[in-house]
Each structure stands twice: as C-alpha cells, then as structure tokens.
Amino acid sequence: MSVQSPGPAVAFAGVTKAYAGGTIAVDGVSVEIAGGSFVALVGSSGSGKSTLLKMINRLIAPSAGEVRIGGVGVGDEPAHVLRRRIGYVFQNIGLFPHMSVAENIAIGLRLAGERANAERVAELLDLVELPREFAMRRPDALSGGQRQRVGVARALATAPGLLLLDEPFGALDPVTRDQLGTAIRQLHDRLGLTTIMVTHDMAEALILADRVLVMDAGRIVADATPKALLAGEGGPVAAALVAVPREQARKLQALERGA
Amino acid sequence: MSPFVEALTRVPPLLAAHLLLAASALLLGLAISLPLAIWSARRSGVARVALGFASLVQTVPSLALLALFYPLLLFVSGLVGGGIPALGFLPSLLALTLYALLPILRNGVTGLLGLDPAVIEAADGVGMTSWQKLRLVEAPLVAPVLMAGIRTAAVWTIGAATLSTTVGQPSLGDMIFAGLQTQNWALVLAGCLSAAALALAVDALLGLIERGIAQRKRGRVWAASGVLLVGVLLALTPLWPRSGDTITIGAKNFGEQYILARVIGHRLERAGYHVQYRDGLGSAVVFGALKTDAIDVYVDYAGTIWTNEMKRRDIPARPAMVAAIGDWAAKTAQVRLLGALGFENAYAFAMKDAAAKAKGVASLDDLVRVAPQLTLGADLEFLERPEWAAVQRAYPLKFGASHAYSPTFMYQALASGQADVISAFSSDGRIAAQHLTVLSDPRHAIPGYDAILMVAPGRAKDAKLVAALQPMVGRIPVEAMRAANYQVDRDADKATPDAAARWLERKVGL
C-alpha cells in the first residue's frame, strides 16, 4: 500500500479543563503536533493525558482554549461529523457485542452512508493481520488482542488521517502488547497518519513514538524525542519515568551477564 | 348444555373487548414510558421523578385507580365544556396505562444505565449522532431487558382490565362480577380462566419475541408479532359492521338490576334494536353514565336519586317524590323519567324472625336500645350513603360493630350469625325465604325507593324506544319482583338473570 498524504497537524492553544469542584485536569496546555508524526502522551494516572486526548475528538469539551486540526477549530462542525474523520482506539475497546466483526469494522462506513462492502472489511482485516474468516464472528468469540485489532481496523475503516489511541494496549498481555504496538507503528508509517497515543508505559512511548510529551498535574512538563529523554534532557518528572524501564533493562542485562 | 359451556359462549365478545382495552393501554403505556425511559437514563433528576410517580401509582389499588378517573374526567370534562366520557373505555384506558408504566420504565432505565460504558464511548467515538446511537446500539442491547418489562406490564394490564367492568367498560370482568353477584360459579370460572388464558398467551408470544431478539432470530420475532397483530385485528372486527341501532342498558351490581336490564333488553330487541349490557356499575356512577349517554337506559330507585343526586333531606310521599325527580332530571340533565315500575326496593333493616322476637325488636326505635350488643352487616356502599346518615339522625343507633359485604354475602352473614342486623332490600326474595323481620321506620327517615325507568338525554326523544318501554311502567308488583329476584339470588338451583327476566315477563304479561 502506498504512503498516503501525511495526516493533519494538531494544535492546542491554552487548552484547560476544569471540573466543577475545582479539579483542574488540564491546565493551559499549548503545543503543536506536526502532521504525520507519532506522538506519545505519557504521565502517571491523573496527569490529564487522557483528558487532553479526548478534547481532540470532543469526547470532552475544554473549559478554555481551542484545539485545531489542520488549522480548523474542532468546534466548527457538529461533533459526530468531526469524529467520523478521526480514528479512535481505547483501552476498553468497546466493540458492539450485537454486531459481527464485519459489522463492527464497517460501522463508520455505514454511518457515512456507504454500503458495507465485504472487500473493504477483508482489506482492513488484512491490515490488522487477522484472518478474513473472522468477519462473521461475534466479538465475544475473540481473544483480547484480536478484539483490539478489530478495534484498530474499525478506527481505520474510513481512512482517517488522524489516529487517537487511549492506552490501546493497557489490557493486553505483554506479548500481544508488543506485537500490536509494532503493527500500529507500521500502519502509521504506511498510511502516513498523524498518531497521538496516551500511555503510562514510558518504554512503550520511547520505542514507538517520534516525540514524547510528558504530562504532570495537567501540564506538559517535558517535550522531547525519545533519544533526548534517554539522554536526560526532559527534566525531573520525565527522568523518573525513564528511570523505570532503564533500571529494568539494566537488571535484565546483569542477570544475563551473571548467567 | 352444562353451565360452564353456557358461560363460555359469553366469552368471545368480552374477550375481544378485554384484549382491545389491554392492548391499547399497553401501546399507550409504551408510547409514554419509552421516551420517558430514555430521558430518565440521560438525566437522573427525571429518573427520580418518573420512577417515583410510577411506583406511587402501583401503590394505589387498581380498583381505586379506575374509580378515581371517574370524578377526574368529569371535572376535566366540566372545564372544557363537556364531551369527555367519564365512563367506559377512556377511564379504563388511562388507569391501565398508568399501571403499565412502571415495569416498562424501570426495565428501560435499568437496561440503559447498565450498558457497558465502553460500548457507549465507542458509539460516540465512531461519530454516531444520539439518534444513531439509540437506534444502532442502545435499543438492540436494551431490547431483551425491556421486553421482560413489557411482558410484566402486559400480564398486569390484562389482569387489571377485569376491573374495568366497574366503570362500565365491557371486559371479562363482566362475567366475574356478574357471576360473583349471582353466585354463578361457572360464570366466574369461565371469566377467570379466559383472562388467565389471554394473559398466558400474550406473555408466551412476547416471550417468543424476547428470545427472538436475544438470539437475533428475526423470523421468530416477526411471526410472534404477527400472531399478536392478528389477535388484535380479530378483536377489532366486531367493531366494524354493526347493523341497526345499538342501545346500551346499564345495571348496578345486584340481581334485580340484571333481571330488569334483561327485561328492558328483550323488549328493545323485539322493537328491532341491537342491545348490549353494562352490568355491575356502581350506583354512584350509573346516573353519571346516563347523563353523558354512556348508557342509554337503566332502572334506578327514587330515594337514591333524591338523596344522592338531588341532596334532599325531606321525605315527601312516594308519588310526589317520583314526580319531583322527573322534573329535576329533565331540567338539570335532560334525562327522561319514563315512570315507576310499580314496586319499591327500599333499604330496610332486617333481622332473623327469632332473634327479633327474642329481643323484642319490631322497629328502628326498638333497635336503638339493643344496638350496642349487635353487629350490623351492611352492603358495600350503605355506610357511606346519605340514607344511613338520615337514619342515624333520626335514630341514635350505636352498633357494637359493623361490617360491609357484597349483598349476597350480607345475607349469608346474617344466616351464619356473623351479623345480627343487615341493611336489606325490601324487594329481596330472601327476606321471605330466610324468615327475616323487616323493622319498621316510625320516624320516616328512609325515603321511598320506587324503581324508576330512566332514559338518557340522547334517547329521550326516541319515540320507538319510549313506546317499547312504556308498557313496563306500573306493571311490576313487588311480589313478582321478589320471586324473580329469589330465582337468581337463592343458593341452590339458580336461574340466570336472563331466565328470571323471561319468567318475570310471563308472570306480569310483558
């Protein structure tokens, strides 16, 4: 498959999300994400990374500031129209249990008024490396990893330029996690997507992304390439997060040498 | 023909009316509760109010709920200048609809709130509008839970619809109430079994739809829905063609009323009218039904109209009272009083002969002295009626206890000693048969109760109808009425009201 035109740029300008009661989930974030890049949003629980992501496809409305995709404000059109141009994959997957795999994958096409076509579904199953005969199965007949692959295929069915991933591998075993991460990075490269992935796993972010944004208490506290982060250029919060996988890797190496 | 098989022949038209009423209430209930369930699932405030109201409705006994719609609709009808029927189909429909709300609403809300949040997030994420989300995701996932609620509502509605008889809507309850009144157990059984069979059949069909939805078998859903639809269409058919003019004859809830309604019916049928009966109307409701043309003709009693409708406390002589009622009815309600039938069915306090002799009681004055040691058995409405208030004003009666019974059981209570004095009826055949002493009323507290033939405003100028009924005026002596009543009311070898009516017609030459 040939590389498509690069995905759109995404820009946050002074984006804030404050909840009634005073909790501030996202605190005046301004950042620009270049079209075609793979950006990881990393942070501990409650750092505001998921909230920031969901303000892109308006699952959450900002209290202040603006999000723009390809230069156009996300509030300029009805939310459902906006969302149909954005692929969205999240930890709990949310496959429709009363629909077959094929119907799940083709839901975006159906909403767009296109007739569900078996060929497109088969292509998408190929894309996420699932057997074509899965099309007629029900979601409950699949494993967790297979389900998330269907989730990815569903998100990509309408050929969106922008892919949002919210802890996409959070519920998967490490092997499946690794495989699916690699597969998504390959899809990102092949399709020329803009991909924004929320994860609490710094190793995953470092391995998959071009650029890592570290969030803490609603603010972006580090913004660097994986290489720069590993070199300690991200500040204390980022350094603490990077230290975990680095320490694990060091212990594993020591074990290997000792054996 | 066995009594049960004979009773079954009455089932089809009542079953049809019953099914139509229950189906209408269920559909209206769905139309109200489905949007309300969706709204409630979105707003917890709405859910609190809606579920609270629906639960409150369930705590009102269904009979009371039906009865409450009568004054309510009268009031509303008064506000808009008339035209809203307060009896029959409308109050039954409204009460049953309220009853159907709770299970549908509760299951709908529970189902919607119980949906996997991830599925809802995914539906939003792929760009569904809220209508698409409802249609493509929420509705199919909630359907099985919702269907369970609809089944419950259907069974409740079909069961409670038997009570609509009391507000003048034909249903299988007609057989149950009439059978209970005349102790025709075959009739009660046939009515109960038919209602139960209807409920079970509808529940089974809805169950088939429910499983069809759950297992995604469309054929099964369509087949079961089709059977339900055919059932409703069949029930509708008697409503389409109707030859001739249909007269609705009202009757209160006791044997004499059933018999007189049949006598009226037989005469009108001979005159070429199509006749239907509304048996078992409450005596407070029946005059209202006549005024609004919900029924066309019935027999009432002078004293009842005098005290309950006209609110009069004076007690004139019987002919003067009947004449005054005729004037009043024509002036205030355009109701036509054709005349008195010739006998009186007055409230009369009765005791067993032996007990009355032993205690030396012959009049209400005598009764005052011994009342504290006695138990009064009254019919269901007597203790609330102005006649009882009038009696109490005239005689300071203080009974040791008082119990209310349906009329048939009241006589049995007296016979078995559970009651010592009963509020009997002077035309009742059981007074003679059970050797009862009727206590005299020396202070004339109880007004006259001449049976009077009343015609609705819409029929008051129907010369053919008046001509067919006029011969009944002054024709029925109390002895003949008592004998006919006893045929229906006695414990053994009962006659049907229809047969007793035929006997009475022969006896008095009508």
Side-chain angles (χ1 to χ4, degrees), chain A residues 50 53-54 56-61 77-100 103-113 116 138-140 144 147-148 150-158 160 162-168 170-171, chain B residues 34 37-38 41-45 107-150 207-222 224-225:
Chain A
S50 269
L53 185 83
K54 286 179 182 176
I56 301 173
N57 64 357
R58 287 177 59 189
L59 288 176
I60 293 175
E77 57 192 340
H80 67 272
V81 177
L82 170 82
R83 290 171 190 156
R84 288 176 192 178
R85 288 189 285 102
I86 301 173
Y88 179 60
V89 178
F90 59 106
Q91 179 170 351
N92 296 325
I93 313 172
L95 294 187
F96 304 121
H98 58 299
M99 297 182 188
S100 67
E103 287 171 318
N104 264 283
I105 291 177
I107 189 71
L109 302 170
R110 185 172 166 190
L111 295 179
R138 297 271 162 201
D140 56 15
R147 277 185 222 171
Q148 193 54 292
V150 174
V152 173
R154 179 174 68 182
L156 295 176
T158 54
L162 176 60
L163 180 60
L164 306 180
L165 306 169
D166 188 3
E167 301 270 15
Chain B
L34 287 184
I38 295 165
R42 308 264 192 268
R43 306 251 163 133
S44 60
N107 282 40
V109 172
T110 309
L112 283 170
L113 293 180
L115 287 180
D116 181 358
V119 169
I120 299 305
E121 186 175 347
D124 287 329
V126 297
M128 289 189 190
T129 61
S130 50
W131 169 243
Q132 286 169 330
K133 188 163 66 172
L134 185 67
R135 189 166 58 87
L136 299 174
V137 179
E138 291 170 317
L141 290 178
V142 164
V145 182
L146 186 66
M147 276 307 299
I150 294 173
L208 218 55
I209 295 177
E210 181 184 338
R211 281 192 297 282
I213 291 173
Q215 297 165 3
R216 292 172 241 285
K217 292 196 172 136
R218 294 215 172 156
R220 198 181 280 183
V221 174
W222 286 117
S225 310

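Reminder, nothing fancy here: chain letters follow the sequence lines and each chain counts from 1.
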So which part of A:Leu164 gets closer than 4.5 Å to some heavy atom of chain B, the side chain, the backbone, both or neither? neither
Nearest heavy-atom neighbours spanning B:Ala122 and A:Gly94: CB-O, 3.0 Å
At a 4.5 Å cut-off on heavy atoms, which part of B:Gln132 comes close to chain A: side chain, backbone, both, or neither? side chain
Check each atom of A:Pro78 against the heavy atoms of chain B and say whether the ones under 4.5 Å are side chain, backbone, both or neither. neither
Per-residue contact mode, A:Arg58 against chain B (heavy atom under 4.5 angstrom): neither
Compare all side-chain heavy atoms of B:Leu136 with those of A:Ile107 and state whether any distance is below 4.5 angstrom. yes
So, the part of A:Leu82 with a heavy atom under 4.5 Å from chain B: the answer is neither
Heavy-atom count around B:Arg43 CZ within 6.0 Å, excluding the residue itself: above 12? no
Hey, is the main chain of B:Gly125 close enough, under 3.5 Å, to the side chain of A:Arg83 for a donor-acceptor pair? no
Set out, in order, the CA-CA distance, both residues' side-chain angles and the distance that settles side-chain contact (heavy atoms from CB on, under 4.5 Å) for B:Glu121 and A:Asn92, then state yes or no. CA-CA 9 Å; B:Glu121 186 175 347; A:Asn92 296 325; 5.8 Å; no
Could you tell me which non-hydrogen atom of A:Leu95 sits nearest to which non-hydrogen atom of B:Val119, and how far apart they are? O-CG2, 3.7 Å
Rounded to the nearest 0.5 Å, how far does NE2 of A:His80 lie from OG1 of B:Thr129? 6.0 Å
Could you tell me whether the side chain of A:Tyr88 reaches within less than 4.5 Å of the side chain of B:Val126, counting heavy atoms only? no
Quick check for you: among A:His98, A:Arg154, A:Arg84, which has the greatest number of heavy-atom pairs under 4.5 Å with chain B? A:His98
Side chain from CB out, backbone as N, CA, C, O: work out which of these in B:Asp116 comes under 4.5 Å of a heavy atom of chain A, or both, or neither. neither
Checking heavy atoms, do the side chain of B:Ile120, its backbone, both or neither come under 4.5 Å from chain A? neither
